[in-house]
Amino acid sequence: MRGRLVQRYKRFLADVVMDTGEAITAACPNTGTMLGLTTPGLVVWLSRSDSVTRKYPHTLEIIERDVGLIGINTAHPNRLVEEALTAKRLPALGGYSSLRREVKYGENSRIDLLLEGQGRPPCYVEVKNVTLYRRPNFAEFPDCRTERGEKHLREMAEMVRLGHRAVMVYCIQGGNPKSFSLTPDIDRSYFNGFLVAKAAGVEALALTCHVSPDRIEITGQVPLEMPLLDPI
């Protein structure tokens with residue numbers, strides 16, 4: 001379902017005028033600032049639920065920008081990574097015989113995906129949704145301060161210290177980037193936490209997705225080009 005954005009507000013709501021002319025309020029499944037994606041008039045795509053318990057049956061899914069279609073639903077990346085793993089399209093995370101979701105670990109947290117296989121250490125996979133483009137072909141994370149994200153980095157580093165494997169997966173929903181980086185100018189604390197975690201042995205993958213109104217799927221990987229800054 002296609003329309004144009006009127007406004008995004010209260011973090012979880014967006015007003016949209018559909019192509020039919022109908023004005024609706026949709027759920028916005030993204031707690032970030034959605035920097036660069038909230039300009040009134042942008043073309044958007046929505047899904048619609050038939051659930052009678054939903055106050056807002058429409059959900060904002062995709063926003064069109066100059067870089068292409070961007071998937072904003074933060075509920076999708078875990079499923080996208082799992083689908084790619086099942087289809088054996090992520091060799092960097094291949095070779096595990098079982099996958100579990102939302103397993104408790106760390107400081108009262110749940111890991112997105114836990115991969116396990118006989119004769120090798122468990123692999124803790126934390127998935128982040130990436131939607132920020134401040135210049136063409138270059139995706140970035142995060143788009144706002146994320147204390148929760150910083151906490152996850154500490155917990156992942158601790159898993160490595162305990163002898164496990166830990167991988168941060170940055171799932172870039174669209175935009176066809178050629179590279180990926182973090183944003184120390186937006187959240188220097190997260191950037192510093194990443195450097196510490198990386199030094200401790202935490203790995204990082206930046207995965208790209210093909211996004212269309214009908215389907216989103218992981219299609220490749222791009223390099224991480226980290227800013228040349230020291231921790232402070």
Side-chain angles (χ1 to χ4, degrees), residues 2-17 25-47 56 58-78 80 112 126-153 168-195 204-213 216 218 222-229 232:
R2 185 178 183 274
R4 288 191 179 271
L5 182 67
V6 176
Q7 63 172 334
R8 184 252 187 155
Y9 59 103
K10 294 184 179 178
R11 294 174 67 190
F12 299 109
L13 297 175
D15 290 339
V16 174
V17 175
T25 296
C28 181
N30 190 308
T31 60
T33 64
M34 290 172 53
L35 185 63
L37 297 173
T38 60
T39 304
L42 288 176
V43 173
V44 299
W45 277 265
L46 306 96
S47 59
Y56 302 105
H58 296 87
T59 299
L60 187 62
E61 299 282 358
I62 297 170
I63 297 178
E64 183 173 344
R65 264 199 54 191
D66 52 340
V67 296
L69 302 183
I70 306 294
I72 61 94
N73 192 332
T74 58
H76 292 334
N78 287 8
L80 295 172
D112 290 324
E126 182 70 31
V127 184
K128 300 297 183 186
N129 188 53
V130 179
T131 61
L132 178 59
Y133 283 86
R134 293 188 287 184
R135 52 191 169 104
N137 302 319
F138 194 73
E140 298 176 284
F141 180 90
D143 66 358
C144 62
R145 289 292 305 276
T146 172
E147 293 180 3
R148 183 169 178 266
E150 189 180 351
K151 173 173 171 279
H152 289 155
L153 290 171
M168 293 294 306
V169 172
Y170 297 94
C171 183
I172 308 167
Q173 283 200 67
N176 299 312
K178 297 296 187 291
S179 59
F180 166 80
S181 182
L182 299 184
T183 54
D185 60 315
I186 292 176
D187 190 346
R188 185 60 186 259
S189 187
Y190 183 86
F191 175 75
N192 291 343
F194 179 89
L195 294 181
L205 298 175
L207 304 179
T208 57
C209 297
H210 170 73
V211 177
S212 75
I216 302 174
I218 290 173
V222 293
L224 279 70
E225 296 185 2
M226 302 303 298
L228 300 177
L229 300 174
I232 57 173

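Along the sequence shown, the residues carry numbers beginning at 1. Remember, it's a predicted structure, so these values are computed and weren't measured experimentally.
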Open item on the list: If you define the side chain from C-beta out and look only at heavy atoms, does anything of Ile186 sit under 4.5 Å from Leu35?
Closed with: yes
- [ ] Using a 4.5 Å cut-off on heavy atoms from C-beta on, say whether the side chain of Val6 contacts that of Pro40.
- [x] no
Task: Donor-acceptor pair, side chain of Asp187 and main chain of Thr146, under 3.5 angstrom - done: yes
TODO: Tell me, with the steps shown, if Val16 and His58 meet side chain to side chain contact (heavy atoms under 4.5 Å, CB included).
DONE: CA-CA 10 Å; Val16 174; His58 296 87; over 6 Å; no
Open item on the list: Under a 3.5 Å cutoff, is there a donor and acceptor pairing between the side chains of Tyr133 and Asp66?
Closed with: no
- [ ] Indicate the atoms forming the closest heavy-atom contact of Leu80 with Cys209, along with that distance.
- [x] CD1-SG, 4.1 Å
Task: Given Asn129, Asn73, Thr131, the one that forms side-chain hydrogen bond (donor to acceptor under 3.5 Å, both in side chains) with Gln173 - done: Asn129
Task: Thr208 side chain reached by Pro177 side chain, heavy atoms, under 4.5 Å - done: yes
Task: Shortest non-hydrogen contact between Thr33 and Cys144, atoms and distance - done: CG2-CB, 3.3 Å
Open item on the list: Using side-chain heavy atoms (C-beta onward) and a distance below 4.5 Å, is Ile216 in contact with His210?
Closed with: no
Open item on the list: Looking at every heavy atom in both Ala14 and Leu60, which two are closest together, and how far apart are they?
Closed with: CB-CD2, 4.1 Å
- [ ] Would you name the heavy atoms of Gly32 and Asp143 that are closest together and state the gap between them?
- [x] CA-OD1, 3.9 Å
TODO: Verify the distance criterion only: is there a donor paired with an acceptor across the side chains of Thr183 and Glu140 at less than 3.5 Å?
DONE: no
- [ ] State, with a plain yes or no, whether a side-chain heavy atom of Tyr170 is found less than 4.5 Å away from one of Val222.
- [x] no
TODO: Would you confirm whether Ser181, through its side chain, and Glu225, through its main-chain N or O, come within 3.5 Å as a donor-acceptor pair?
DONE: yes
Task: Leu5 side chain reached by Thr39 side chain, heavy atoms, under 4.5 Å - done: no
- [ ] Walk me through it: do Glu61 and Leu46 pass the test side chain to side chain contact (heavy atoms under 4.5 Å, CB included)?
- [x] CA-CA 5 Å; Glu61 299 282 358; Leu46 306 96; 5.5 Å; no
Open item on the list: Return the CZ to CE distance between Phe141 and Met168, rounded to the nearest 0.5 Å.
Closed with: 6.5 Å
TODO: For the pair Arg4 (side chain) and Gly41 (backbone), establish whether a donor and an acceptor sit closer than 3.5 Å, ignoring hydrogens and angles.
DONE: yes
- [ ] State whether a side-chain donor-acceptor pair under 3.5 Å links Thr25 with Asp15.
- [x] yes
TODO: Evaluate whether atom CD of Glu147 has more than 12 neighbouring non-hydrogen atoms of other residues, nucleotides or ligands under 6.0 angstrom away.
DONE: no
Task: Contact summary for Gly149 and Lys128, nearest pair of heavy atoms - done: CA-NZ, 4.0 Å
TODO: Report yes if the side chains of Cys28 and Met34 come closer than 4.5 Å at any heavy-atom pair, otherwise no.
DONE: yes
- [ ] Drop me the distance from Arg145's CZ to Ser189's OG, to the nearest 0.5 angstrom.
- [x] 5.5 Å
Task: Rounded distance [0.5 Å steps], CD1 in Ile70 versus CD1 in Ile63 - done: 9.0 Å
TODO: Salt-bridge test for Arg134 and Asp185: reply yes if a basic N is under 4.0 Å from a carboxylate O, no otherwise.
DONE: yes
Task: Residue pair Val169 / Leu207, side-chain heavy-atom distance below 4.5 Å - done: yes
TODO: Mind checking the NE2-CD1 spacing from His76 to Ile62? Nearest 0.5 Å is all I need.
DONE: 7.5 Å
Task: Arg135 charged N/C atom sitting above Phe138 aromatic ring, 6.0 Å / 45° - done: yes
- [ ] Look up atom CD in Glu150 and atom CZ in Phe191, then write down how far apart they are to the nearest 0.5 Å.
- [x] 12.5 Å
TODO: Any chance you could measure Leu132, atom CG, to Phe180, atom CZ, to the nearest 0.5 Å?
DONE: 9.5 Å
